[in-house]
J.: 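The structure's right below; bear with me while I get my questions together.
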Amino acid sequence: MAKANTPKTTHLTTKVAGVTIEIDKKTWSDESVSCNVTLSVAKAELVSIYGIRIVEGKKGKFLSMPARKGSDGNYYSHAYIADEDVYKAILETVTE
């Protein structure tokens, strides 16, 4: 029986603009990285996003949000981090 591809998981926490960001970073055997992110304010969980991938693009690393393929063949994200400071904090914490 083949061994399952089990990622190394690291729990990370950071805070920006009053938002606590909890990240479960998963590093896979092929060196790819994904993460699950939970955003909270004053212990009230606001949102959890599962399946964010860290992708190396032409302009550097970015967060690839969970998406589905539309009937037109394009992919559309299910989640979007509107606050630039929160987005940068997640990316910087995961890629450190």
Side-chain angles (χ1 to χ4, degrees):
M1 182 195 268
K3 187 175 180 180
N5 183 9
T6 305
K8 175 186 173 194
T9 302
T10 308
H11 185 76
L12 307 164
T13 302
T14 191
K15 197 169 195 171
V16 64
V19 177
T20 300
I21 305 167
E22 295 183 49
I23 303 166
D24 288 325
K25 176 182 176 181
K26 298 177 183 180
T27 306
W28 300 86
S29 60
D30 65 358
E31 301 298 321
S32 64
V33 176
S34 64
C35 58
N36 298 330
V37 176
T38 301
L39 306 175
S40 304
V41 174
K43 296 187 180 183
E45 188 175 301
L46 298 177
V47 65
S48 293
I49 305 170
Y50 298 96
I52 297 173
R53 293 182 303 128
I54 290 63
V55 177
E56 184 71 46
K58 291 179 183 177
K59 297 180 182 178
K61 294 182 180 181
F62 67 92
L63 300 176
S64 175
M65 303 306 249
R68 283 198 182 152
K69 191 173 187 177
S71 59
D72 61 359
N74 294 319
Y75 285 87
Y76 296 93
S77 295
H78 289 281
Y80 178 76
I81 299 173
D83 187 292
E84 188 174 334
D85 291 335
V86 172
Y87 181 94
K88 286 180 181 178
I90 294 169
L91 186 58
E92 289 172 4
T93 301
V94 171
T95 58
E96 287 182 340

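All residue numbers refer to positions in the sequence shown, counting from 1.
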J.: Is there a continuous path of hydrophobic side-chain contacts, each under 4.5 Å between heavy atoms, that joins Val37 to Phe62?
T.: yes
J.: Is a side-chain donor or acceptor of Thr95 paired with a backbone partner of Leu91 at a separation under 3.5 angstrom?
T.: yes
J.: Is it the case that atom OH in Tyr76 sees more than 12 heavy atoms from other parts of the structure closer than 6.0 Å?
T.: yes
J.: Mind checking whether Thr9 and His11 have side chains closer than 4.5 Å, heavy atoms only?
T.: no
J.: Quick check against the 3.5 Å criterion: does Asp24 have a side-chain atom that pairs as donor or acceptor with the backbone of Thr10?
T.: no
J.: Would you say OH of Tyr75 has more than 12 non-hydrogen atoms from neighbouring residues, nucleotides or ligands within 6.0 angstrom?
T.: no
J.: Could you measure the distance from the CG atom of Leu39 to the OG1 atom of Thr20? Nearest 0.5 Å is fine.
T.: 9.5 Å
J.: Are Ile52 and Val55 linked, directly or through other ILVMFWY residues, by side chains that come within less than 4.5 angstrom of each other?
T.: yes
J.: If you round to the nearest 0.5 Å, how far is NZ of Lys15 from OG of Ser40?
T.: 10.0 Å
J.: To check you understand the geometry: which heavy-atom pair defines the closest contact between Ile21 and Ile23, and what is its length?
T.: CG2-CG1, 3.8 Å
J.: Might you point out which heavy atoms bring Leu63 and Ile81 nearest each other, and give the distance in Å?
T.: CD1-CD1, 4.3 Å
J.: If I compare all heavy atoms of Ile54 with all of Cys35, which pair ends up nearest, and what's the gap?
T.: CD1-SG, 3.8 Å
J.: Is Tyr50 linked to Val33 within one hydrophobic cluster, defined over Ile, Leu, Val, Met, Phe, Trp and Tyr using a side-chain heavy-atom separation of less than 4.5 Å?
T.: no
J.: Which atom names give the shortest non-hydrogen contact between Lys25 and Val94, and what distance separates them?
T.: NZ-O, 2.7 Å
J.: Taking all atoms of both residues into account, what is the closest heavy-atom pair of Thr38 and Ser48, and its distance?
T.: OG1-OG, 3.1 Å
J.: Starting at CG of Leu12, measure out to CD1 of Ile90 and round the result to the nearest 0.5 Å.
T.: 11.5 Å
J.: Hey, could you give me the CD/CG distance between Glu92 and Asp85, rounded to the nearest 0.5 Å?
T.: 9.5 Å
J.: Measure the OH-OH distance between Tyr80 and Tyr87 for me, rounded to the nearest 0.5 Å.
T.: 9.0 Å
J.: Could you go through Asn36 and Lys26, starting from their C-alpha distance and side-chain angles, then the distance that decides it, and tell me whether this counts as side chain to side chain contact (heavy atoms under 4.5 Å, CB included)?
T.: CA-CA 8 Å; Asn36 298 330; Lys26 298 177 183 180; 3.4 Å; yes
